[in-house]
Amino acid sequence: MNNRRETLKQGMTLAGLLASTGLFPQFAWAYNKTAFDAKSVADVAKAFGVSAPVASKDVTITGPDIAENGAVVPLGVSTSMAGVKHLLILVEKNPSALVAMFNVSDAVESSFSTRAKMGQSSDVYAVAITSDGKALFAKKEVKVTLGGCGG
Amino acid sequence: MADPMRIRAQMSGANATVRVLMSHEMETGQRKDASGKVIPAWHITEVTATLNGKPVLSAEWGPAVSKNPFLQFNVKGAKAGDKVAVTWKDNKGDTRTDEATVS
Amino acid sequence: MHRQVLSWATVVLGISCGATWAQKSATESIEEYRAMLADGNPADLFEAKGEALWKEKRGPKRASLEQCNLGKGPGVVKGAFVELPRYFDDVGRVQDLESRLVQCMATLQGFDAAEISRTPFGRGEMANVTALATWVAAESKGLAFNLPQGHTQEKVAYEVGKRLFFQRGGTHDFSCASCHGEDGKRIRLQDLPNLTKNPGDGIGFAAWPAYRVSNGQMWSMQLRLNDCYRQQRFPFPAFGSDALSALSVYLGVNAKGAKSAAPTIKR
Amino acid sequence: MKITKYLSFAGAALALAGCAVVPGSQELDRMTEQAVKAAFRTQGIANVERVTATDETNRVCSAADVAGKPLAPEVAKAIEAANLKAIKWPTNGRFIGDWKEGEKVAQSGRGQTWTDDAKTVNGGNCYNCHQIDKKEISFGTIGPSLYNYGKLRGVTDVTNPSSKPIVEYTWGKIWNSKAYNACSNMPRAGHAGTLSEQQVRDLMALLLDPKSPVNQ
């Protein structure tokens with residue numbers, strides 16, 4: 001039960017992040033993510049039904065558990081699903097969450113890797129936007145360690 | 001003018017794995033210089049790729065992509081000798097295109 | 001779900017066997033991170049730039065560097081890196097790779113050596129020296145270090161370098177040896193190679209130039225040593241000074257047999 | 001200017017090259033000194049005297065490291081005594097501060113480089129070499145682990161007279177490590193003016209206060 005609530009909460013957080021990019025107005029209802037606390041998440045999600053971003057095994061995020069340096073964090077997004085229009089990489093705690101958006105075509109595999117800056121430890125999301133406007137996601141936590149000597 | 005990219009395109013099964021390194025500052029617009037002035041954002045906003053001149057990939061990037069960016073993707077149905085070209089554009093209007101041969 | 005099970009396992013094991021387990025897993029995660037970065041080292045960009053600079057007719061004399069003698073004869077690049085620093089007859093002193101490149105830029109291309117040496121790292125012709133050094137190093141990738149010690153000045157440089165290595169100073173009493181004098185030590189999470197002997201292939205002297213992900217800069221050996229001294233709270237060592245060449249001789253001779261991995265990618 | 005300096009070093013070496021013999025240890029020391037003078041310059045707050053005018057402790061220990069031999073016991077004792085005498089003990093006998101502030105000092109590696117300015121609040125650099133609070137996984141191993149420092153030494157109340165020897169030793173060690181080990185790798189944080197009396201007090205709390213996470 002807890003686990004399901006956790007997942008729904010992540011969906012809400014992500015909806016907020018997606019809306020904040022300005023690219024996906026369909027998620028704007030969740031823009032003010034602070035409005036949703038853990039307790040009410042299940043109810044809110046019920047009200048909005050399937051349009052909430054949902055966790056999916058068909059979407060994969062790859063990245064390190066610990067990044068030795070936040071300036072370069074290797075992240076990858078991929079999906080096994082058909083009918084995906086965009087693949088996105090987001091870092092929740094970055095000043096602007098969206099790192100990169102890849103437009104999927106028949107000519108390339110739905111799998112892309114790049115490297116992102118992360119200001120601090122954060123959840124990172126891989127999101128697949130389908131041609132009918134749904135958002136499916138996978139997430140993982142990446143810890144950013146303090147580097148060598150300096151401050 | 002911007003320095004050239006390094007593009008490697010290698011066959012792996014029926015697809016070509018393309019690895020690209022781009023030479024770019026990717027300044028976020030969030031940092032300040034020594035005198036406390038904000039360093040303006042300067043980053044790649046758009047990346048496209050073609051196989052033998054035909055578009056295969058387009059992507060939109062924000063300032064959170066790391067400095068000297070790395071990109072990996074796989075082109076379907078490529079063969080050795082094909083030409084992969086990659087183009088980036090940045091928010092100052094600078095652009096650069098480089099090409100590699102699939103091996 | 002899976003994740004939660006794992007985090008519980010961490011807690012339980014943490015209680016039963018103390019800090020070692022958690023610590024090891026952090027170290028393993030860092031290893032994994034480094035492996036992810038190894039493929040696609042932006043040093044490649046500087047290597048390509050360096051190769052182009054070597055062949056391009058530049059400077060007041062509109063000449064290329066293709067006749068530059070890095071110690072194995074004019075124009076011989078492959079294998080030169082793993083035998084530097086060394087004694088050069090034409091200048092009567094021991095020079096490291098970067099000093100030698102500046103020398104060639106002065107004699108062949110007509111650049112002002114003193115002016116380049118004064119230029120901050122990453123700027124103007126100094127950035128070009130770093131790119132050139134990156135390419136020259138890359139041409140010796142996989143070869144074992146074998147610095148010549150036949151000339152008296154090369155032996156003197158080793159002895160002077162050794163004294164510099166153990167010289168304590170600054171506000172913190174640090175010497176190079178404070179961090180690099182023993183096996184198996186770490187500063188924060190960074191492993192510290194023991195540089196009083198061969199620390200192994202591609203480690204320490206055999207790992208630079210390197211691309212630093214922390215600031216997205218290409219770091220030459222001169223900059224590596226410069227920043228070590230900065231962190232030791234020492235004053236500023238001049239680029240191309242005999243002291244830095246001597247220190248490099250000490251490190252390079254100790255690394256005899258270590259295979260070069262330069263250019264590498266570092267935190 | 002620079003070129004003359006180069007030449008003087010090269011000249012000295014060249015003259016010797018004629019004999020094709022590496023000079024003796026004293027001559028090599030002199031050449032090293034010359035090379036240091038030619039190479040290093042003041043930059044920002046990092047004065048050249050930091051390397052050209054090091055103190056007796058550093059000179060003697062550097063020489064011992066080059067020789068690969070430990071100091072003679074009487075030399076070590078004399079250095080330790082001189083450093084012990086130089087320790088400044090806390091005003092009004094107040095040894096213990098706030099461990100939360102101490103953790104910040106232990107975390108920070110800032111200050112005193114040529115890229116810092118004089119206004120930078122210096123850090124203690126402690127985690128660079130020591131494990132301290134177990135929650136911080138990014139710690140160095142050059143020095144021993146300080147986790148449970150006070151607990152392992154039986155400190156249950158820092159004001160109790162029985163804790164006095166360890167409290168005093170810890171202050172002295174942080175202030176001037178060379179008072180207890182002539183050629184210790186550890187900086188002399190108080191002696192060198194890196195940390196203030198209050199910062200040392202806060203570090204003391206981090207290590208010794210039974211409420212500090214270090215002693216949990």
Side-chain angles (χ1 to χ4, degrees), chain C residues 18-19 22-23 26-27 87 91-94 113-114 117-118 151-153 155-175 177-179 181-182 184-190 192 196 229-238 240-246, chain D residues 2-3 5-6 9-10 13-14 16-17 19-23 28-29 31-32 35-36 38-44 46-52 54 57-59 61-63 65-66 112-115 125 127-129 131 134 137-142 147 178 184-188 192-194:
Chain C
Q23 198 52 51
T27 311
Y87 175 79
V91 289
R93 53 187 281 249
V94 172
S117 301
R118 276 196 305 270
H151 195 279
T152 307
Q153 280 218 46
K155 291 180 195 148
V156 167
Y158 180 86
E159 287 299 326
V160 168
K162 182 179 179 182
R163 282 158 176 78
L164 289 164
F165 186 83
F166 288 108
Q167 181 175 37
R168 298 173 185 230
T171 51
H172 289 49
D173 302 339
F174 289 149
S175 70
S178 306
C179 284
E182 278 181 81
K185 296 291 181 186
R186 221 172 62 189
I187 188 162
R188 287 280 185 173
L189 279 176
Q190 315 303 312
L192 295 164
T196 64
Y229 276 126
R230 185 185 67 84
Q231 296 190 64
Q232 279 173 249
R233 273 79 179 174
F234 272 47
F236 192 99
S241 57
D242 286 324
L244 291 184
S245 291
Chain D
K2 188 184 276 167
I3 286 167
K5 278 180 185 167
Y6 281 160
F9 180 60
L14 262 182
L16 290 151
C19 347
V21 174
V22 179
L28 287 166
D29 289 348
M31 292 170 82
T32 305
V36 165
F40 288 92
R41 63 169 155 88
T42 297
Q43 173 97 346
N47 295 324
V48 74
E49 288 77 20
R50 288 184 183 186
V51 67
T52 54
T54 50
T57 302
N58 276 328
R59 279 200 300 278
C61 291
S62 302
D65 290 342
V66 171
Q112 294 173 304
T113 72
W114 70 64
T115 48
N125 284 285
Y127 278 102
N128 282 340
C129 299
Q131 182 181 36
K134 220 167 163 182
I137 59 160
S138 180
F139 61 83
T141 60
I142 296 167
Y147 178 64
K178 271 74 171 178
S184 167
N185 267 337
M186 186 167 148
R188 293 172 280 184
T194 301

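Per chain, numbering begins at 1; letters A, B, ... match sequence-line order.
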Does any part of the side chain of C/R233, heavy atoms only, come nearer than 4.5 Å to the side chain of D/T194, both counted from C-beta? no
Here the pair of heavy atoms bringing C/D173 nearest to D/M186 is OD2-O, 4.5 Å
Just wondering, do C/K185 and D/N185 contact through their side chains at under 4.5 Å, heavy atoms? no
Taking all non-hydrogen atoms of both residues, which atom of D/V36 and which atom of C/Q167 are closest, and how far apart? CG2-OE1, 3.5 Å
Mutual orientation of the aromatic rings belonging to D/F40 and C/Y229 [parallel < 30°, tilted 30-60°, perpendicular > 60°]: perpendicular
Hey, which of D/V66, D/T54, D/T57 has the most heavy atom pairs under 4.5 Å with chain C? D/V66
The interface call for C/L244 against chain D, heavy-atom contacts under 4.5 Å, is neither
For the residue pair C/V156 and D/L28, establish whether any side-chain heavy-atom pair is separated by less than 4.5 Å. yes
Compare every heavy atom of D/S184 with every heavy atom of C/R168, then report the nearest pair and how far apart it is. NH1-O, 3.3 Å
Of all heavy-atom pairs linking C/R230 and D/T115, the shortest is NH1-OG1, 2.8 Å
Do any N or O atoms from the side chain of D/S138 and from the backbone of C/R188 form a donor-acceptor pair under 3.5 angstrom? no
C/T196 OG1 to D/D65 CG distance, which is reported to the nearest 0.5 Å: 11.0 Å
Any side-chain heavy-atom pair of D/P187 and C/T171 under 4.5 Å: no
Is D/N47 close to chain C through its backbone or its side chain, or both, or neither, when contacts mean heavy atoms under 4.5 Å? backbone
How long is the gap from OG1 on D/T32 to NZ on C/K162, to the nearest 0.5 Å? 11.0 Å
Closest heavy-atom contact between D/A35 and C/V160? CB-CG1, 4.4 Å
With a cut-off of under 6.0 Å to the ring centre and 45° to the axis, is D/R50 in cation-pi contact with C/F234? no
Side chains of D/Q112 and C/H172: closer than 4.5 Å at any heavy-atom pair? yes
